[in-house]
Amino acid sequence: MAIERTLSILKPDAVAKNKIGAIIARIEDAGLKVVAARMIHLTQAEAEGFYAVHSERPFFKDLVKFMTSGPVLVQALEGENAVQVYRDVMGATNPKNAAPGTIRADFADSIDENAAHGSDSLENAKNEIAYFFRSIELCPRTR
Ligand code: RTP
Ligand code: MG
């Protein structure tokens, strides 16, 4: 299987609950490696740009409001099959449907405040990583 990179955002609810370390432990335990990381408090324009694909959806306004409500941890993760592996580690979008032991089952309260974002395809992962990180900020993990 190919080595991929994916974008993770630990959302404002997870940061406010002080669960950054607990969630990164899940990420590392799944074999994914952090190759870039930054804390950022998104502006409205930055959140709207990131979620532009959802701009016509009914939840868009609330999503942007939530994502700008506090700081987030943005990370690029690397590993075999990283896009799907991280989606599996996060669990379903709605924590009520997320399998036990997943990030959203254990740390999220609702579909709106669901602790983590993960890219949904390799192509989107490339674009999303480039939205937050310059190539020089990505540190390949050779060991
Ligand atoms: P994400 O992009 O954050 O990783 O989540 P996802 O792929 O599992 O879900 P997506 O369909 O991309 O939706 C993005 C975020 O919008 C919120 N949402 N709310 N109220 C609703 O019906 C609804 N649907 C989606 C969620 O916070 C979701 O993570
Ligand atoms: Mg998504």
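Val85 is not listed as a side-chain neighbour of Glu80, based on a closest heavy-atom distance of 4.5 Å or more. In this structure the side chain of Leu73 never reaches within 4.5 angstrom of the side chain of Ile9, judged on heavy atoms. Between Arg57 and Leu63 the shortest side-chain heavy-atom distance does not fall below 4.5 Å.
In terms of the side-chain hydrogen bond (donor to acceptor under 3.5 Å, both in side chains) criterion, residue partners of Glu48 (sequence neighbours excluded) are, by chain and number, Gln44.
Applying the salt bridge (Lys or Arg N to Asp or Glu O under 4.0 Å) definition to pairs two or more places apart or across chains, those involving residues 16-40 are Lys17-Asp109, Arg26-Asp106, Arg38-Glu137.
Pairing each heavy atom of Asp120 with each of Val83, the nearest pair is C-CG1, 4.0 Å. Nearest heavy atom pair, residue Leu10 against residue Ile23, reads CD2-CG2, 3.6 Å.
Interatomic distance, CZ of Arg5 versus CG of Leu32, reported as 12.5 Å (0.5 Å rounding). Atom NZ of Lys126 is separated from atom OG1 of Thr6 by 11.5 Å, given to the nearest 0.5 angstrom. Taking CG of Leu7 as the start and NE2 of His117 as the end, the distance is 5.0 Å to the nearest 0.5 Å. Separating the CG atom in Leu122 from the CG atom in Asn81 is a distance of 9.5 Å, to the nearest 0.5 Å.
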Just do the side chain to side chain contact (heavy atoms under 4.5 Å, CB included) check on Phe133 and Val74 with the steps written out, would you?
CA-CA 9 Å; Phe133 297 107; Val74 185; 3.8 Å; yes
Mind listing the side-chain donor-acceptor pairs of residues 94-103 below 3.5 Å, one per line with the distance, residues two or more places apart or on another chain?
residue, atom, partner, partner atom, Å
Asn94, OD1, Lys96, N, 3.0
Thr102, OG1, Ala99, O, 2.6
Thr102, OG1, Ala105, N, 3.3

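No hydrogens or angles considered: nothing links the side chains of Asn127 and Glu123 as a donor-acceptor pair under 3.5 Å.
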